[in-house]
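Note that the structure is predicted; figures quoted are calculated from it, not measured. What's counted below: heavy atoms across the whole structure, side chains too, no hydrogens, waters or symmetry copies.
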Amino acid sequence: MLSHPRDPALLPRLGWTLVLLALLAPTFVYTHFNPALLLQPETLGTLGHFVAGFFPPAHEAGFLLEVARETITTLAVATAGLGMALFLGAPLAFVTTRALDLPMSAEARRHPLARGLRPILRGLMIGLRGVPEIVWALLFVRAVGLGSLPAVLALGLAYGGMLGKVYAEILESQPDGPTRALTAQGAGRIQVFFWGLWPQALPELVSYTVYRWECAIRASAVMGFVGAGGIGQLLDTSIKMMNGSEVSTLLLVFLLLVIGTEAISALARRGLESRYGSGVLAAAVATAIGASLAWLWPAWAAAGADLKALWPFAASFFPPEMGAAIWGDLARGTLETLAISILGTTLAFAGGGLLALPASGRFGMPAKAATRLLLNALRGVPDLLWAALAVLALGLGPAAGVLALALHTTGVLGRLFAETLENAPPLPEQALLAAGAGRAAAFGHGVLPEVIVQWLAYTLYRWENNIRIAAVLGIVGAGGLGQQLYLALSLFQEKTAATVIVAMLLLSWLAEETSRHTRLRLAH
Amino acid sequence: MSFAKKTFAAAVMLAAASVALAEEAVLRVSAIPDEAPTELQRKFAPLGSYLEKELGMKVQFVPVTDYAAVVTALTSDKIDMAWLGGFTYVQAKERGKVVPLVQREEDTKFTSKYIGSVAAGINSLKDLKGKSFAFGSASSTSGHLMPRYFLQKQNIKPETYFKNVAYSGAHDATVAWVASGKVEGGALNASVWDKLVEAGKVDATKVKVIGTTPTFYDYNWTVRGSLDAKLQKKITAAFLKLDPKNPEHQQILELQRATRFVGTKPENYKGIEAAAREAGLLK
């Protein structure tokens, strides 16, 4: 029991929790988040009606055919997008990685390539991956029209920036013996790369690429919310029309897709271990990218998308709007975004902590299996999809964003928290129990101190991520800066959109810095 | 690899074939998605086959899920004709050469309705102060621009007057949001409101009309400026010929919610353009 008389730390801990809750009060005001609304009879009526429609899932032949077609498109978009990202990211990594100039002399550093070009390319990569893929998709939909082409371009650019950075870091983390030896022999940059780095870095490079492909599939499945094709487009329509049976079919297909992808990527990772595995893998990747392009091409050709339209479109964003009228809107959007991310993450911290107890096996195996399943489902549905569903429950506005972030992040944190619990040394708790402490006190003094720093660090990481997501949830009607971006782009006010994007980038950079500093302080 | 090459080659041929098909005389028509996509298709079907007969060419309806995408498609010649709102017409005119041909007689004196939630006790715009409010799509004339413009005429700036301003995306969605209590008030196209009431899709115990705007010019059928002038004339003639006394025509007019079609001209939309500039939606 919490009120165990012999728990000396109970009062101060409760006190601090209350102080933190008081600090959260403004976020409730800015997001209009009111959990009681979820239990109102009207809400329950709407939701009940909607969910009751889930059974049986829609299965008319025509609809299923459309679902099948759009599912293939979703897969093809993810694969082609990743192909484009590879094309962009690999050369960027090769040029910008420090792994290849480690042993080089001052002469190499004076090379104009190293001095001038690299900072520019690094800046380019930060820009590419700093803008969320759904924002890229929204921009490309405006530039080249609706369809799957904008989705591929969006994934290609955003993931290209990520691959470039992470590949460079993977190369830098390899032992530098072979590189030094080869450089000493007078080998050039390309030779050093292929003989000194490539063989040892390959498994890690492949593993990360495969992971990105899984992410790309989830991202590609929600691109339809901005009109960029795939099953997201069907989901968007079905949710707007409140057609429960179609939504349940689509959710099922989506979950199957995610499970299928995980199986394929496990296979790919294993493939590397055998002798001919990497050859087979390379051939499979090339075929998959070719087949994806072949599947998508007819629609692109029919739409007659001309990429020349991109340049005047890009130019229309400059200079960003700086007029007095925009600052009030921007400040409101920024505060809303901040409040959504803070409240959503805090709720997820509480939810994740509670669910981690059964998920770590503290209440027996059946409870563990059931909670893990729940956590996987919460995590498996992307935030944007949660937001579209939350809008049904809480209405358009920031409150839906809070609920969406809280649900998705609970899934993520619950699993991580459970793992931390399982890895915590069991002895302190056992000793307390043996000494006659109650279960709650034993947990609070034997386990919590072991895990809390790790839990907070995970939560801060997630918050960093969530602030980026909170900034885009408005695209499906869940408040924040995203709504302003969507409005500006709908009204052909590109210069205003440019300012909103800059605000998003600044906010995400500030969050990163704040979180990094706090984590450093936590560690000490 | 060779499999990939083969499929790629096949795809290129397929694409070439589809381009060749597109060069046959086809009129590509679209509409702003101011109602559910299925409803738009249902409304267009008989009008489409009527136009096919009158023009002697294939008419293809291209469904588009986004207002701004219809404007872009028309001004970049990807579609030939579109059903636009007054505001989307002005946006298209700003971005390229387009010609408005005809409109429904009703569009010359269009209005919007302000609606409120019965449960929240909303009887006037005053009751909505500090409450949440839903427009339709941000690009909508009767669901956003004009209701916003006429609010501003009464010194109501939505972003500060209401607690929360949301965009439902479509007129029927706005009614659904107010009826379910998710927002306390909203604004929509008067014609869609009447249609929903007639079809019994509005629960009078949940939603009520709390105001109507003054009249303005709204929807029209617009073609891209580069479309053959003779074809433009034929299209106009086909629309003007629709006669409510002819039962077959009557069905088309009824689905379009029109008594008849009349010609229209760019000057009709000067008022909309001025309102858009004043409301800050056009820069």
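Under the 4.5 Å side-chain criterion, counting only non-hydrogen atoms from C-beta, B/Thr72 is not in contact with A/Phe313. At a threshold of 4.5 Å between non-hydrogen side-chain atoms, the residues A/Leu146 and B/Val64 count as touching.
Top candidate by heavy-atom pairs under 4.5 Å with chain B, chosen from A/Arg332, A/Gln483, A/Gln493, A/Lys495, is A/Gln493.
Heavy-atom distances place no part of B/Tyr67 under 4.5 Å from chain A, backbone and side chain included. In this structure, chain A has no heavy atom under 4.5 Å from any part of B/Lys206. Contact annotation for B/Ser132: neither backbone nor side-chain heavy atoms come within less than 4.5 Å of a heavy atom of chain A. Of the two parts of A/Leu394, only the backbone, made up of N, CA, C and O, holds a non-hydrogen atom closer than 4.5 Å to a non-hydrogen atom of chain B.
Remark: A/Glu70 pairs with no residue by the salt bridge (Lys or Arg N to Asp or Glu O under 4.0 Å) rule, at least two apart or across chains. Residues meeting the salt bridge (Lys or Arg N to Asp or Glu O under 4.0 Å) test with B/Lys195, sequence neighbours left out: B/Glu35, B/Glu39. For the salt bridge (Lys or Arg N to Asp or Glu O under 4.0 Å) test, no residue two or more places apart in sequence or in another chain qualifies with A/Glu321.
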Mind running side-chain contact (heavy atoms from CB on, under 4.5 Å) on B/Leu282 and A/Phe492 for me, showing each step along the way? CA-CA 8 Å; B/Leu282 194 68; A/Phe492 298 105; over 6 Å; no
Could you walk me through whether B/Trp177 and A/Val391 pass the side-chain contact (heavy atoms from CB on, under 4.5 Å) test, one step at a time? CA-CA 10 Å; B/Trp177 288 122; A/Val391 162; 3.5 Å; yes
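The minimum heavy-atom distance linking A/Pro398 with B/Asn164 is given by the pair CD-ND2, 3.9 Å. Contact record, A/Ser490 with B/Ser139: O-OG, 3.6 Å, taken as the closest heavy-atom pair. Between B/Ala138 and A/Leu487, the shortest heavy-atom contact is CB-CD2, 3.0 Å.
Of all residues spanning residues 87-96 of chain B, those with a heavy atom less than 4.5 Å away from chain A's heavy atoms are B/Phe87, B/Gln91, B/Arg95, arranged by number.
Under a cut-off of 6.0 angstrom, the local environment of OH in A/Tyr30 is sparse, with at most 12 non-hydrogen atoms contributed by other residues, nucleotides or ligands. Residue-environment remark: NZ (B/Lys283) exceeds the threshold of 12 foreign heavy atoms within 6.0 Å.
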